[in-house]
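What you see is a predicted model, and the numbers here were worked out from it, not measured in a lab. For ligands, and for the atoms within them, numbers begin at 1 and follow the listed sequence.
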Amino acid sequence: MNIAILGAGAMGSLFGGLLAEAGASVTLLDVNQQHLDAIRHDGLRLETDHQTRTITTLAACRPEEATQVPDLLLIFTKTHQIAAALGSARRLLGPATWVLTLQNGLGNVEAISAFVPPERILVGVTTIPADFLGPAHVASHGGGLIRMGHAADAAHTDHPGHRPFNGSCRLCQVVDLFHRAGLRATADPNVWAAIWEKAAFNAAFNALCAVTGCTVEQIGWVPSGPEMALAVVAEAIAVARAAGIPADLEHTQAMVLRSLKTHAGHQPSMLQDILAHRRTEIDSINGAIVRAARERNIPVPYTEMLWTLVSLIDARQGAERPSLQPSSSDRMAATIS
Ligand code: NAD
């Protein structure tokens with residue numbers, strides 16, 4: 001299978017590296033020129049639990065420079081970057097190209113559907129972690145799972161009920177390919193439940209940690225911390241169930257309580273984004289839950305409050321970003337005058 005990875009940061013580089021190592025033909029498509037140049041020059045340095053190696057069989061370029069139409073395009077940008085990224089890769093979306101998203105949050109299939117019919121979209125969720133350590137250098141420790149399904153076969157927010165899974169040849173091929181690359185994947189008829197459960201979990205921890213600067217463990221330092229996390233999860237799961245998605249409240253709340261102990265020093269990605277002054281994915285996590293709740297008249301006050309608070313931090317940091325600051329020549333002119 002000829003694979004393109006659109007958005008080759010932490011996750012995209014990890015998946016691309018492992019798939020290339022398993023013998024697939026992989027092209028990494030990204031806009032980080034330093035990262036692309038370093039991969040082309042020296043290969044991708046990939047650290048996993050058992051080994052560190054350099055993968056030299058990856059092609060890497062900007063989306064607009066690629067020419068080969070892939071069989072599978074795996075999108076791993078941040079959720080708010082989907083439209084821009086697919087827009088620049090539009091030429092690569094042939095009539096037989098399938099797109100797979102394992103991004104966090106909700107609304108990704110809808111965003112991708114503007115470019116590819118839902119019949120050719122695979123959707124899923126992964127607990128595999130990855131860190132971007134620098135140009136051409138990523139790490140992943142601790143392992144995890146991938147659950148995925150066919151977007152058109154599975155229930156999601158816009159569908160009134162859960163439709164049965166009918167399997168898909170392309171889906172089976174992708175699961176098989178992932179297995180050969182050491183990525184533990186399953187085709188899951190309940191993929192939308194898994195997606196909502198992860199969104200619920202992230203709406204609680206990512207947002208709480210982003211606002212407070214706490215690690216996951218520190219949320220447990222006052223009793224109302226875990227109480228608020230559990231309340232957010234309950235709100236999100238109520239919305240999922242109202243949308244006909246059989247998300248499991250007990251399971252997701254148990255995950256929250258377990259994480260307080262097992263993810264001791266972990267800073268969720270949303271907190272990492274805030275600390276690095278990058279835009280967060282709050283809009284496709286808490287924001288998407290609130291929008292789905294409003295459509296169904298379900299009150300979700302905790303989720304909504306966290307959405308507003310993180311959006312305000314995002315907005316303030318966005319206004320402070322260098323691209324929106326006066327240019328150095330403007331500043332110099334101001335100093336001189
Ligand atoms: P990342 O920021 O490391 O990678 C995103 C990449 O997309 C960057 O390299 C960026 O340069 C690239 N990009 C941005 N705009 C682009 C464009 N127009 N065209 C092409 N490339 C573009 O993010 P990540 O941590 O790899 O996360 C990707 C997705 O996976 C997110 O939705 C995240 O929530 C999800 N996820 C991450 C992890 C994790 O541990 N990192 C785990 C599970 C899910």
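- A salt bridge links D273 with K78; the closest basic N to acidic carboxylate O contact falls under 4.0 Å.
- Contact annotation: R279 has no heavy atom less than 4.0 Å from any atom of ligand 1.
- Using a 4.0 Å cut-off between a side-chain N of Lys or Arg and a carboxylate O of Asp or Glu, R316 and E320 qualify as a salt bridge.
- Contacts with ligand 1 closer than 4.0 Å are made by backbone heavy atoms (N, CA, C, O) of A8 only, the side chain lying farther away.
- In the vicinity of N104, heavy-atom distances shorter than 4.0 Å reach the ligand 1 atoms 32 (O), 33 (C), 34 (O), 35 (C), 36 (N), 44 (C).
- Remark: among candidates E281, H80, K78, the nearest residue to atom 32 (O) of ligand 1 is E281, based on non-hydrogen atoms.
- Between R170 and E119 there is no salt bridge, since no side-chain N of the basic residue sits under 4.0 Å from a carboxylate O of the acidic one.
- Looking only at side-chain heavy atoms (C-beta outward), I121 and W98 stay at 4.5 Å or farther from each other.
- In this structure, the side chain of R184 does not engage the main chain of H179 through any donor-acceptor pair within 3.5 Å.
- Taking the six-membered ring for Trp and the full ring otherwise, F132 and H137 have centroids separated by 6.0 Å or more.
- Counting heavy atoms closer than 4.0 Å to ligand 1, residue Q103 contributes atoms from both its backbone and its side chain.
- Contacts with ligand 1 closer than 4.0 Å are made by no heavy atom of Q33, backbone or side chain.
- Near A10, with a cut-off below 4.0 Å to any heavy atom, the atoms of ligand 1 are 3 (O), 25 (O), 26 (O).
- Those atoms of ligand 1 with a heavy atom of P129 less than 4.0 angstrom away are 40 (O).
- Counting only heavy atoms of the protein, atom 5 (C) of ligand 1 lies nearest to F76 O, 3.6 Å.
- For atom 16 (C) of ligand 1, the nearest non-hydrogen atom of the protein is V31 CG2, 3.7 Å.
- Side-chain polar atoms of T101 and Q103 form a donor-acceptor pair below 3.5 angstrom.
- At a heavy-atom cutoff of 4.0 Å, ligand 1 is contacted by the backbone of I128 but not by its side chain.
- Counted by atom type alone, T280 and D314 present one or more donor-acceptor pairs between their side chains at under 3.5 Å.
- For atom 41 (N) of ligand 1, the closest non-hydrogen atom on the protein side is A130 O, 3.1 Å.
- For atom 11 (O) of ligand 1, the nearest non-hydrogen atom from the set N108, D30, N32 belongs to D30.
- For atom 7 (O) of ligand 1, the closest non-hydrogen atom of the protein is G7 CA, 3.4 Å.
- Atom 4 (O) of ligand 1 has G9 CA, 3.3 Å as its closest protein atom, hydrogens excluded (heavy atom only).
- At most 12 non-hydrogen atoms from other residues, nucleotides or ligands lie less than 6.0 angstrom from CD of E250.
- Looking from atom 43 (C) of ligand 1 to the surrounding protein, the closest heavy atom is K198 NZ, 3.5 Å.
- Of all atoms in ligand 1, listed by their number and element, those nearer than 4.0 Å to a heavy atom of A85 are 17 (C), 18 (N), 19 (N).
- At a cut-off of 3.5 Å, with distance as the only test, a side-chain donor of R53 or T48 sits close to an acceptor on the other residue.
- Nearest protein heavy-atom neighbour of atom 26 (O) of ligand 1: M11 N, 2.8 Å.
- No salt bridge links D248 with R241; every basic N to acidic carboxylate O contact stays at or beyond 4.0 Å.
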